[in-house]
There are 2 protein chains.
Amino acid sequence: MNERTPPDENEGLGTAGNGQPPTLKTIAFMTGLGVTTVSRALKDAPEIGAETKRRVQLVARQIGYRPNRAGVRLRTGKTNVISLVLDTEEQIGGFVSEMIYGISEALAHTPYHLVVTPYSRNNDPLEPVRYVVETASADGVIISRTEPDDKRVRYMTERGFPFATHGRTHMGIEHPFHDFDNYAYSVEAVKKLAGLGRKRLALLAPPSNLSYYRHMRDGFADALMEHGLAEVPFPTATVDHSIEDIRAVTAELMRRPNRPDAFVSGAGAGTFALVAGVEDAGFRLGEDVDIVSKQSSKLLHLLRPQLYVVNEDVRLAGHELATAVLGRIAGRDIASLQSLSKPSTVEAYETSTPGKSNG
Amino acid sequence: MNERTPPDENEGLGTAGNGQPPTLKTIAFMTGLGVTTVSRALKDAPEIGAETKRRVQLVARQIGYRPNRAGVRLRTGKTNVISLVLDTEEQIGGFVSEMIYGISEALAHTPYHLVVTPYSRNNDPLEPVRYVVETASADGVIISRTEPDDKRVRYMTERGFPFATHGRTHMGIEHPFHDFDNYAYSVEAVKKLAGLGRKRLALLAPPSNLSYYRHMRDGFADALMEHGLAEVPFPTATVDHSIEDIRAVTAELMRRPNRPDAFVSGAGAGTFALVAGVEDAGFRLGEDVDIVSKQSSKLLHLLRPQLYVVNEDVRLAGHELATAVLGRIAGRDIASLQSLSKPSTVEAYETSTPGKSNG
DNA sequence: TGCAAGACCTGTAACGTTTCAGATGCGTAT
DNA sequence: ATACGCATCTGAAACGTTACAGGTCTTGCA
């Protein structure tokens, strides 16, 4: 009695050059089934006959059916979106590109899209997060520039909103994260410099409000202690400062009587400025001063083989973070969604070109 | 007779901590109007009384109403999304971050979201574009790595889908674009090198399938001609090659009898490798060889002040591209959505630190 | 034979929005 | 008075999806 009504204007195959993209209604018409049945068949519901399921799925595949995102989202509230919240004042250095590629990689074979939600460091960092949560414009959020006591983490946790952080917190809240082990990094860095006979080290640290400031600082301090070395305070520069600032401040530091004979640097771009500043003051890398630096792009060695570098794989971080939010959305155990990436060993240029010695 | 029905579960203010976010229904209930009227009042429709409009808009603002994106999208097909189609094999160098920030900036005070749609250079570049267009998952697309005869441009043009390209095409199709004037760049670069007395120039070019390969090459060739200089062929390296490859190939080139005495480089990261390669072969920058390079991050001068650089503002490019797609979506004239960014003058380190001379 | 249980399928309603085709009421020209 | 035009407002329908509450038919068992 209830004749199937063909979707208006839509005569049949979705593949053949007809108008609108196929919907459940299209498939329902083609198979002679009800829309509900088709919907359920496509998600392998147990109350649909095996044969019917196969038939529906075959047709759907043939005509290239894709669920309409707006329909799903309106009905279920599920957006199939992950939001990456980004600071647009971010220092130059390509960090973000790699992160995005890593996330994309992890999202590639899921229905998830990646949307970038920017904010300016000068405004409230909570704002973009609140926007996403309030408007339910994503199913999960990835944030960076994590602080030890992070408002955003508290906010999302309180509301049960899935998220993952790049960097850890210290506020008694368990949540998914990925972090680079900056403690281990600076321990290794100091160890390397100690081995080179350096005595007076300075640290180009992250801004002190970020979590990894503590980690990097603690590693630095502990290792100094262990090796009996001294720290030359260098508080006026952080990896967030502009290239020009770091350069100028470094040069100034180097002109003081109590200048350092080595640096540990928390960021690749900062290291460029560090090197320039050291040289501005008339000192030579590898002779007067040694520097160990983290880097995410592998450019440092090209122009200063005397540098010691540790590579941070930001693409991997992106991948891990995306996997973690997805896991959280799927309701997986938080503990399984936390990962810490150990630094590679300190690389000297000499590893690939033996023959030069330093000391 | 027809009593307004309060939105279920939703007692009133959206601001006060109640459950769901406010919808048109919420406002309709609060104002005693119909949903239709509210919808129209919010978009300043002429058939709504002035007083009513003010009332509705006041209430909407007070309770923090935001149109539900899924609702709008389902009804109208408008997604309020711009898709940035990205090549995930992109060479290191931070290009993409800046581009994204520029786009975000332009999108900030619009209802548009930015979604990143990645693809691998190894797969069909048309695929992600086709996906977006077929599933109507965005209102507009931004593509880069534009080719002279670009399948994606043809595809979207044929379907009347709004887009903007980073780079121009040469296929008889007018479309919005933003481009850096790479012709002018290499002309300026060659001119600089000619002025320095260089005679035998090599070009680290883009891959030959991309549009700006032609531009950069033509500028290079024309300027060589004008200044009576020779080109040393350097076809085995492009800015797309890996750092290691460029470095090795450059070193090899420099060891040949007919080595160049200058380079023009099409990319900042490539220049790092170029410099390293030149030096690997035992030559010195500023003495045996001069290099003019484009850069988007300003790191080159820090470690090689002898370099000559031209800055390419990629953030600006992002801004322009976003503005262009939005303009296209708004139906604006194509001619007004095309922009070409002139290169800055060639900068030497010496401009800021006078006293050193080179010759 | 009767009936409950299951297997399989179905229509309706709802998510929030906008478009369509009116409805209502009022002032004015006839 | 009647008709008309105008200003202002209105409900119903539709976009594509899924949850809900059945419907129908077959099968098994008392």
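Just the heavy atoms: all of them, side chains too, but no hydrogens, waters or symmetry mates, feed the values below. Letters A, B, ... mirror the listed sequences (proteins, then strands); counts begin at 1. Here the structure is a predicted model, which means the values were calculated and not measured.
Checking A:Thr146, A:Thr169, A:Asp150, A:Thr157 one by one against A:His175, the side-chain hydrogen bond (donor to acceptor under 3.5 Å, both in side chains) holds for a single residue, A:Thr169.
In this structure, A:Ile27 places its CD1 atom 17 Å from C1' of C:dC9, rounding to the nearest Å. B:Asp44 has its CG atom 16 Å from the P atom of D:dA7, to the nearest Å. Between the P atom of C:dT18 and the CZ atom of B:Arg73 lies a distance of 15 Å, rounded to the nearest Å. Protein atom NZ of B:Lys78 is 12 Å distant from nucleotide atom P of C:dT19, rounded to whole Å. The distance between atom CZ of B:Arg75 and atom P of C:dT17, rounded to the nearest whole Å, is 13 Å. B:Asn80 places its CG atom 13 Å from the P atom of C:dT17, with the value rounded to the nearest Å. The distance between atom CG of B:Asn68 and atom P of C:dC15, rounded to the nearest whole Å, is 11 Å. Between the CG atom of A:Leu74 and the C1' atom of C:dC15 there is a distance of 4 Å, given to the nearest Å.
The phosphate of C:dC15 has neither OP1 nor OP2 within less than 4.0 Å of any side-chain N or O from A:Thr76. Contact annotation: A:Thr36 does not reach the phosphate of D:dA19 (side-chain N/O to OP1 or OP2, under 4.0 Å). Phosphate contact (OP1/OP2 of D:dT18, side-chain N/O of A:Ser39, threshold under 4.0 Å): present.
In secondary-structure terms, DNA chain D builds stems of at least 3 consecutive Watson-Crick or G-U pairs, each pair having both distances under 3.5 Å, at C:1-30 with D:1-30.
A:Glu147 and A:Ser211 share no side-chain donor-acceptor pair at under 3.5 Å.
In plain terms, the two heavy atoms of A:Asp87 and A:Ser120 that are nearest each other are OD1-C, 4.4 Å. Annotation for B:Pro67 and B:Val72: closest pair CB-CG2, 4.2 Å, computed over non-hydrogen atoms. Shown here for A:Ser97 and B:Val96, the closest heavy-atom pair between the two residues is OG-CB, 3.6 Å.
Residue whose closest nucleotide on DNA chain D sits further toward the 5' end, between B:Ala50 and A:Pro67: B:Ala50. Place A:Val72 and B:Ile48 on DNA chain D by their nearest nucleotides, and B:Ile48 ends up nearer the 5' end.
Using a 4.0 Å heavy-atom cutoff across all strands shown, B:Arg40 reaches at least one base atom of the nucleic acid. Nucleic acid contact for A:Lys43: sugar-phosphate only, since backbone atoms but no base atoms lie under 4.0 Å from a heavy atom of the residue. Across all strands shown, B:Thr37 has heavy atoms under 4.0 Å from base atoms, whether or not it also approaches the sugar-phosphate.
Taking the ring axis of A:Tyr155 as reference, the NZ or CZ atom of A:Arg159 stays within 45° of it and closer than 6.0 Å to the ring centre.
Taking the six-membered ring where the residue is Trp, the centroids of A:Phe177 and A:His166 are separated by 6.0 Å or more.
With D:dT8, C:dC9, D:dA19 as the choices, the nucleotide that has an atom nearest any side-chain atom of B:Glu47 turns out to be D:dT8. When each of D:dC9, D:dT18, C:dT17 is scored by its nearest atom to the side-chain atoms of B:Tyr65, the top-ranked nucleotide is C:dT17.
Proximity of B:Leu337 to B:His178: side-chain heavy atoms (C-beta onward) are nowhere separated by under 4.5 Å.
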